[in-house]
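The sequence lines fix the lettering, A, B, ..., with proteins before strands; numbering per chain opens at 1.
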Number of protein chains: 2
Amino acid sequence: MAEKPPRRSDATRTAILAAARERFASDGYERATIRAIAKDAQIDPSMVMRYYGSKEGLFDAVLDVDLRMPDPQRLRPHDVGEALVDHFLTLWEENNGVLTALLRVGVTNPAGAQRLQGIFRDQVLPVAQRICPDPEQAPARAGLIVSQMLGLALARYVLKLPPAVALAREEVVAWLAPTVQRYLTAPHP
Amino acid sequence: MAEKPPRRSDATRTAILAAARERFASDGYERATIRAIAKDAQIDPSMVMRYYGSKEGLFDAVLDVDLRMPDPQRLRPHDVGEALVDHFLTLWEENNGVLTALLRVGVTNPAGAQRLQGIFRDQVLPVAQRICPDPEQAPARAGLIVSQMLGLALARYVLKLPPAVALAREEVVAWLAPTVQRYLTAPHP
DNA sequence: ACCGTAGGCCAACACTTGTTGACAGTCCAG
DNA sequence: CTGGACTGTCAACAAGTGTTGGCCTACGGT
């Protein structure tokens, strides 16, 4: 069902996608105009419509994100916190644009918020349920972890609060790892 | 220098301000249109311009926020974490609109981000510097605390992640208090 | 060589936005 | 009573938005 007829316009398609990712990440949904994206990709605005249907279609194509969550089997219980924090930091830095765009749009656009909820439900929750001693507590614990990770990303990559930006990557891991570890495995207070 | 000539239009002014607060909170800066705000306040859009100059002027007037940070002198070192978490939760729930608006706009609008930075610098940092044993570490520690508190607000009040919404207020305090306490007073890892 | 088809650009549409100026009612000081 | 300032409404502007359809070009299979 996955056919791959290489089209002559693939270069243009990916150029649009790359430009859109950058614009959405830096400007948010409303301020990222199709005209600006098209200019960045050096094509006509109408091409965006032809290839992605609408602005929301383009936005959907951009935010097709895979958190590449680690295999719960391979995580050692005693350093799972550090592993998770490190994983999220890597994820955010490597493919900065997409996650920042996702966060920005999730905050402004209702559809974006639901997209984020879906990612949490489909990618984060299952991992938490396999690690938690009591799977029933998994949602709450996962929610707490996400609140800390998203909060850090918010302060560091979006709001750019000076102290959050100044922290070295290893410092962030050293500070957050115990928090995540506790949210995940400590007894319910 | 603070003159208070009671104007006949004060009712309208506050009506505009209230409507703007709600609209900015629920829609963000770009989607909150002056026309919608004016309709909510049951007046003409041009009145907004007359009384607040421009959309950004109105936005400035709305986001004049005071965190009412507690007096550092009165905080007991052993439960400062709990006190801070409780304070921020109260703040957010009482005065829901303004802070949600601030967060939403801070994420989308560069001016909003700087406004948030200013609040952090002027209201949060000074308190942290009086509590921290080593004032030089205060910015980093305050940044970490803010990342956790903003992250929780983001998940609970903006994105409305189900697990973060489902948590009872006391549970949130019980989970976050030790985190904040550690960020504030634990030795640098 | 040929012709259907896909890639691309241009100009325009319909709509919404922030913002402005002219005009009418209303209050109060003189 | 009267004039001026204040409060409010209406209509319009200029700019920018997503989106559409028509037209030209150039490839690629037959």
Side-chain angles (χ1 to χ4, degrees), chain A residues 3-63 101 104-105 108-112 115, chain B residues 3-63 101 104-105 108-112 115:
Chain A
E3 313 152 41
K4 298 182 70 177
R7 285 155 302 193
R8 191 154 41 99
S9 61
D10 277 349
T12 306
R13 286 183 141 87
T14 62
I16 293 177
L17 221 55
R21 182 158 36 234
E22 262 182 68
R23 282 286 176 179
F24 279 134
S26 66
D27 296 349
Y29 186 81
E30 332 287 341
R31 301 172 68 111
T33 71
I34 288 193
R35 283 175 165 85
I37 293 171
K39 180 174 280 185
D40 288 358
Q42 292 180 333
I43 43 94
D44 191 87
S46 62
M47 303 303 295
V48 178
M49 305 304 297
R50 195 199 286 269
Y51 291 142
Y52 295 97
S54 67
K55 185 178 182 180
E56 226 174 321
L58 173 63
F59 158 67
D60 274 10
V62 164
L63 294 182
R104 273 222 164 83
V105 176
T108 43
N109 196 286
R115 174 70 59 111
Chain B
E3 314 152 40
K4 298 182 70 178
R7 285 156 301 193
R8 190 155 40 99
S9 61
D10 277 347
T12 306
R13 286 184 141 88
T14 61
I16 294 177
L17 221 55
R21 182 158 36 234
E22 261 182 67
R23 281 285 175 180
F24 279 135
S26 64
D27 297 347
Y29 186 81
E30 332 287 341
R31 301 171 69 112
T33 72
I34 288 192
R35 282 176 165 83
I37 293 170
K39 180 174 281 185
D40 287 359
Q42 292 180 330
I43 44 93
D44 193 87
S46 61
M47 301 303 294
V48 178
M49 305 303 298
R50 195 197 290 268
Y51 291 142
Y52 295 97
S54 68
K55 184 177 183 180
E56 225 172 323
L58 174 62
F59 159 68
D60 274 9
V62 164
L63 294 180
R104 273 221 163 85
V105 175
T108 43
N109 196 282
R115 175 70 60 113

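Between the P atom of C:dC10 and the CD atom of A:Gln42 lies a distance of 13 Å, rounded to the nearest Å. Going from atom NZ of A:Lys39 over to atom P of D:dT17 covers 10 Å, rounded to whole Å. Between the NZ atom of A:Lys55 and the P atom of C:dC15 there is a distance of 19 Å, given to the nearest Å. Between B:Asp10 atom CG and D:dT7 atom P there is a gap of 8 Å when expressed in whole angstrom units. A straight line from CZ of B:Arg50 to P of C:dA22 spans 13 Å, rounded to a whole angstrom. When the C1' atom of D:dG18 is taken as reference, atom CD of B:Glu30 falls 16 Å away, rounded to whole Å. Rounded to an integer number of Å, the gap from A:Asp27 CG to D:dG18 P is 12 Å.
Aromatic ring orientation, A:Tyr29 versus A:Phe59: perpendicular (interplanar angle above 60°, classes split at 30° and 60°).
In this structure, A:Met47 and A:Arg35 both approach DNA chain C, and ranking their closest nucleotides by distance from the 5' end singles out A:Met47.
Comparing C:dT19, D:dC10, D:dT20 against the side chain of B:Asp44 picks out D:dC10 as the nearest. Here C:dG8 is the nucleotide among D:dG18, C:dG8, D:dG8 with the atom lying nearest to any side-chain atom of A:Thr12. Across D:dT7, C:dG7, D:dT19, the shortest atom-to-atom separation from the side chain of A:Arg13 is found for C:dG7. Comparing C:dT20, C:dT17, D:dG22 by their closest approach to the side chain of B:Thr33 singles out C:dT17. Comparing D:dG8, C:dC10, C:dT19 by their nearest atom to the side chain of B:Ser54 picks out C:dT19.
Here the closest heavy-atom approach between residue A:Lys55 and residue A:Glu30 is recorded as NZ-O, 3.6 Å.
For B:Tyr52 (side chain) and B:Arg13 (main-chain N/O), a donor-acceptor pair under 3.5 Å exists by modelled atom type.
Atom OG1 of A:Thr14 sits about 9.5 Å away from atom CZ of A:Arg21, to the nearest 0.5 Å.
Residue-level contact check: A:Tyr51 touches the backbone only, with heavy atoms under 4.0 Å from sugar-phosphate atoms and none from bases.
In terms of phosphate contacts, A:Ser46 brings no side-chain nitrogen or oxygen within less than 4.0 Å of OP1 or OP2 of D:dT19.
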